[in-house]
Protein chains: 2
Amino acid sequence: MSKRTEKTIVDIAEELKLSVSTVSRALNNHPNISTRTKEKVKKMANKLGYRPNAMAAGLRNNKSRTIGLVVPRISMFFPATISTVIQNKLHEHGYHVLICQSNDSLEQEIALAETLYSTRIDALAVSSTLYTTDFSHFDIFKDNHIPLVFFDRVPKDYKVKVIKGDDYLGGYKVTEHLIEKGCNDIVHISGPLTCNLYVERVAGYKDALRKHKIPFKKSRIFYQELTKENALAACEKIFSKTPYPDGIFAANDTTAITILEYCRKINVRVPEDLKIVGYSNDPRAEIITPSITSVDQFPAIMGEKVANALLDLLQQPGAMPQRYSEELVPIQLIERASSAAPVAKPKTTVKKKVK
Amino acid sequence: MSKRTEKTIVDIAEELKLSVSTVSRALNNHPNISTRTKEKVKKMANKLGYRPNAMAAGLRNNKSRTIGLVVPRISMFFPATISTVIQNKLHEHGYHVLICQSNDSLEQEIALAETLYSTRIDALAVSSTLYTTDFSHFDIFKDNHIPLVFFDRVPKDYKVKVIKGDDYLGGYKVTEHLIEKGCNDIVHISGPLTCNLYVERVAGYKDALRKHKIPFKKSRIFYQELTKENALAACEKIFSKTPYPDGIFAANDTTAITILEYCRKINVRVPEDLKIVGYSNDPRAEIITPSITSVDQFPAIMGEKVANALLDLLQQPGAMPQRYSEELVPIQLIERASSAAPVAKPKTTVKKKVK
DNA sequence: GTATTTTATGCAAACGTTTGCAGTTTTCGG
DNA sequence: CCGAAAACTGCAAACGTTTGCATAAAATAC
């Protein structure tokens with residue numbers, strides 16, 4: 001109906017015959033304002049339907065009370081859970097969270113950094129693209145002393161606060177677990193080595209093999225984006241010639257699930273003929289039959305840590321240079337049916353078939 | 001190192017001996033500025049590492065180029081997918097998306113509306129809480145002619161743009177499907193009736209029963225928040241006494257999955273003894289054994305529609321009053337094993353057991 | 001009752017843009 | 001070479017806050 005409904009503090013001031021400064025201070029509970037005027041002001045603010053203009057305040061204070069969050073995608077279980085936690089936690093502290101997706105495209109990530117800077121976010125948390133090796137597009141934030149935290153997918157030689165899972169240990173434990181369950185020809189389907197996660201998991205994998213005197217074979221490791229399509233392609237290759245492996249360590253659960261379903265189709269029995277382990281403990285891993293052994297990365301804990309790190313840095317005087325530090329989130333192997341010990345069912349007597 | 005790194009257009013202006021207005025116009029490609037100066041300005045902007053301050057521009061223009069999105073939670077498959085799509089689409093058009101979670105708490109939703117308004121978002125899309133029946137906390141947006149779109153969980157008597165799935169048809173089709181597969185004692189586990197989704201699905205369920213001359217029994221319908229815990233509680237009740245139902249229509253897949261697992265434990269065979277249908281077509285529904293029949297709600301299409309509606313409204317002159325209109329997103333029943341026809345396996349001869 | 005402290009309030013500048021209007025320069029026809 | 005139109009550029013105000021400093025009023029001390 002009316003044209004300009006937007007009430008401002010000057011409207012309140014006029015109405016009350018006060019100065020805008022007094023109104024501003026009253027609304028912000030400044031100690032120098034008497035309780036009586038504070039009440040008057042707040043009542044009038046309510047009556048007029050006043051809502052503060054965050055942009056004006058932000059401009060003046062040079063802070064937006066908004067925090068940027070860049071993740072590959074929010075439709076994947078792990079980043080979604082982390083984002084949820086971060087968002088809820090920061091909200092409690094009066095911050096907005098601008099959740100952005102890079103869609104695993106470096107180009108988009110760079111653009112995101114640019115526009116997020118433009119909105120003058122107070123801090124930034126990022127889990128990078130699979131392909132980000134040069135992180136200089138985040139320099140603006142460092143240069144201007146804007147708190148910057150990386151998590152999960154983190155840079156290697158870039159001085160920032162880092163919060164990551166223990167991927168080396170994860171890779172090691174998975175591999176050792178498979179060995180202990182009797183595997184000695186273990187395929188590893190890894191993500192691209194441009195990403196720290198996979199570098200470390202591969203290292204764990206290799207070390208576990210070495211420790212148990214199993215020779216590492218280059219042909220038994222795949223580097224690829226961990227999509228369903230790529231997993232299928234890998235299956236085609238793996239099962240195109242004998243001997244089949246007796247264990248597969250997939251670097252995510254989508255891949256593990258795809259392999260499992262493939263095995264069903266070609267009548268390779270899991271876990272009797274082949275043991276499968278995934279990574280991330282996606283809800284689907286627990287539900288499929290046989291349920292899939294996976295590695296829990298405790299996304300809620302990671303999210304909590306990221307939020308705390310941000311809040312911490314936000315307290316500190318902006319002048320203090322960003323310090324490098326690495327925090328490790330533990331992992332836990334969740335053993336399930338897909339890698340269970342070879343207890344042959346009484347039904348059939350076929351115990352060892354492939355070898 | 002240096003204290004004030006933040007370059008502004010006045011820095012550019014000084015450096016180039018131009019006025020700030022010219023610089024501003026040059027950066028915005030205003031037609032009245034010669035190409036030569038535009039180039040000069042842009043070069044200098046680059047050289048100085050200038051980044052526009054969105055808050056300042058927003059204050060002046062009274063727009064933030066930010067759009068609010070309120071969903072119950074982003075860790076659930078359906079809203080997560082929609083959010084992803086909306087975000088990507090709006091990003092292409094130069095908008096930020098502030099994704100917020102109400103965590104299904106009305107109180108939080110109200111607070112969210114308030115603070116989102118404070119940030120002067122240019123538009124708002126919301127999928128409400130399960131318990132929101134009074135939507136007046138969104139009045140501020142309507143009153144100020146800020147585009148407002150509801151999707152999925154939408155108000156009944158509140159004049160706004162609405163985009164929703166065809167939940168009545170969904171409920172009807174699921175029920176009819178179960179009947180056609182031979183069920184005639186169908187339990188429905190519904191969400192609370194404060195939410196439009198469930199009202200409509202229940203209506204569909206009842207109408208399908210009536211159509212097929214199956215009496216509706218009040219004791220065969222449950223209204224509850226659709227969590228795992230509640231699903232288990234419902235199972236306890238349902239299977240505490242005979243006769244067992246021969247079909248269950250669960251209003252989400254988490255519930256369907258929980259029931260399925262419960263049935264495994266108590267040796268009720270699915271689909272032979274009991275058929276189960278879920279809703280939303282969560283990825284888990286396809287993966288579990290037996291796979292669960294569910295209803296695809298095409299989240300990507302819904303997201304697309306929401307984004308388009310927002311963009312549409314953003315074009316229009318703010319003066320135009322918000323118009324009420326409802327758009328329907330189709331649904332599709334995805335038939336899977338959990339409700340397959342009772343083809344007895346040759347193994348055992350038990351064909352019909354319960355009846 | 002005056003001087004001093006304490007308590008409340010107001011003035012005005014500042015934050016970094018955009019934009020209507022006015023002013024200046026250039027172009028060009030005649 | 002003049003005058004008018006066209007092409008550029010600049011001035012200054014405005015957007016809605018916050019805050020250092022100054023000032024006014026009230027309370028306290030002597």
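Convention: sequence-line order gives letters A, B, ...; per-chain numbering from 1.
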S.K.: Give the angle between the helix axes at the two ends of the helix from dG1(C)-dC30(D) to dG30(C)-dC1(D), taking five base pairs at each end and rounding to 10°.
M.R.: 40°

S.K.: Less than 3.5 Å apart, any donor N or O on the side chain of Tyr117(B) or Asn144(B) sitting next to an acceptor on the other?
M.R.: yes

S.K.: Nearest whole angstrom, please: distance from the C1' of dT18(D) to the CE of Met55(A).
M.R.: 16 Å

S.K.: Between Asp104(A) and Arg153(A), does the salt bridge (Lys or Arg N to Asp or Glu O under 4.0 Å) criterion hold? Intermediate values first, please.
M.R.: CA-CA 11 Å; Asp104(A) 256 326; Arg153(A) 300 176 177 186; 2.8 Å; yes

S.K.: What's Thr8(A) touching, base or sugar-phosphate or nothing? Going by heavy atoms closer than 4.0 Å.
M.R.: sugar-phosphate

S.K.: Atom CD of Glu14(A) and atom P of dT17(D): how far apart are they, to the nearest Å?
M.R.: 13 Å

S.K.: Atom CG of Leu18(B) to atom C1' of dT25(C): distance rounded to whole Å?
M.R.: 14 Å

S.K.: Report the residues that fulfil salt bridge (charged side-chain N to carboxylate O under 4.0 Å, His left out) with Arg65(A), sequence neighbours left out, ordered by chain and then residue number.
M.R.: none

S.K.: Sort me out a list of protein N/O and nucleotides 11-14 of chain C N/O pairs below 3.5 Å, or just none if empty.
M.R.:
unit_1	atom_1	unit_2	atom_2	d
dC11(C)	N4	Ser21(A)	OG	3.0
dA14(C)	N3	Arg60(A)	NH1	3.4

S.K.: Could you state the atom-to-atom distance from CG of Leu48(B) to C1' of dG16(C) in whole Å?
M.R.: 15 Å

S.K.: Send over the distance from Asn53(B) CG to dC15(C) P, rounded to a whole Å.
M.R.: 12 Å

S.K.: Among residues at least two apart in sequence or on other chains, which ones pass salt bridge (charged side-chain N to carboxylate O under 4.0 Å, His left out) with Arg60(A)?
M.R.: none

S.K.: Rounded to whole angstrom units, what separation is found between the CG atom of Leu59(B) and the P atom of dT19(C)?
M.R.: 13 Å

S.K.: For Asn61(A) and dG16(D), give me the distance from atom CG to atom C1', rounded to whole Å.
M.R.: 11 Å

S.K.: With sequence neighbours excluded, what pairs up with Phe150(A) under the ring pair (Phe, Tyr, Trp, His ring centres under 6.0 Å) test?
M.R.: Phe135(A), Phe138(A)

S.K.: Could you work out, with side-chain hydrogen bond (donor to acceptor under 3.5 Å, both in side chains) as the rule, every residue matching Lys164(A), not counting sequence neighbours?
M.R.: Glu200(A)

S.K.: Under the ring pair (Phe, Tyr, Trp, His ring centres under 6.0 Å) rule, what pairs show up with a residue in residues 84-113 of chain B, not counting sequence neighbours?
M.R.: His91(B)-His96(B)

S.K.: For residues Lys305(B) and Phe151(B), determine if any side-chain heavy atom of one lies less than 4.5 Å from a side-chain heavy atom of the other.
M.R.: no

S.K.: Hey, could you give me each pair passing ring pair (Phe, Tyr, Trp, His ring centres under 6.0 Å) that has a residue in residues 21-80 of chain A? Not counting sequence neighbours.
M.R.: none

S.K.: Between Val23(B) and Ala56(B), which is nearer to the 5' end of DNA chain D once each is assigned its nearest nucleotide?
M.R.: Val23(B)

S.K.: With a 4.0 Å cut-off on heavy atoms, is Lys17(B) in touch with a base, just the backbone sugar-phosphate, or nothing at all?
M.R.: sugar-phosphate

S.K.: Let's see if you get this right: which residues in residues 27-37 of chain A place a heavy atom under 4.0 Å from DNA chain C?
M.R.: Asn32(A), Ile33(A), Ser34(A), Thr37(A)

S.K.: Counting only side-chain heavy atoms from C-beta out, which of dT17(D), dT9(D), dT17(C) sits nearest to Thr22(B)?
M.R.: dT9(D)

S.K.: Enumerate the residue pairs fulfilling salt bridge (charged side-chain N to carboxylate O under 4.0 Å, His left out) with a member in residues 8-31 of chain B, sequence neighbours excluded, ordered by first and then second residue.
M.R.: none

S.K.: For the residue pair Asn28(B) and Ile33(B), establish whether any side-chain heavy-atom pair is separated by less than 4.5 Å.
M.R.: no

S.K.: Is there a side-chain contact between Leu90(B) and Leu311(B) in this structure, where contact means two heavy atoms from C-beta onward sitting under 4.5 Å apart?
M.R.: yes

S.K.: Taking only residues two or more places apart in sequence, or in another chain, which ones meet Asn103(B) in a side-chain hydrogen bond (donor to acceptor under 3.5 Å, both in side chains)?
M.R.: Asn88(A), Gln108(B)

S.K.: Measure the distance from NZ on Lys63(A) to C1' on dG16(C) and round it to the nearest whole Å.
M.R.: 17 Å

S.K.: Where is the tightest heavy-atom contact between Ser83(A) and Ile99(A), given as atom of each residue plus distance?
M.R.: CB-CD1, 4.4 Å

S.K.: Which residues in residues 110-122 of chain A have a heavy atom closer than 4.0 Å to any atom of DNA chain C?
M.R.: none

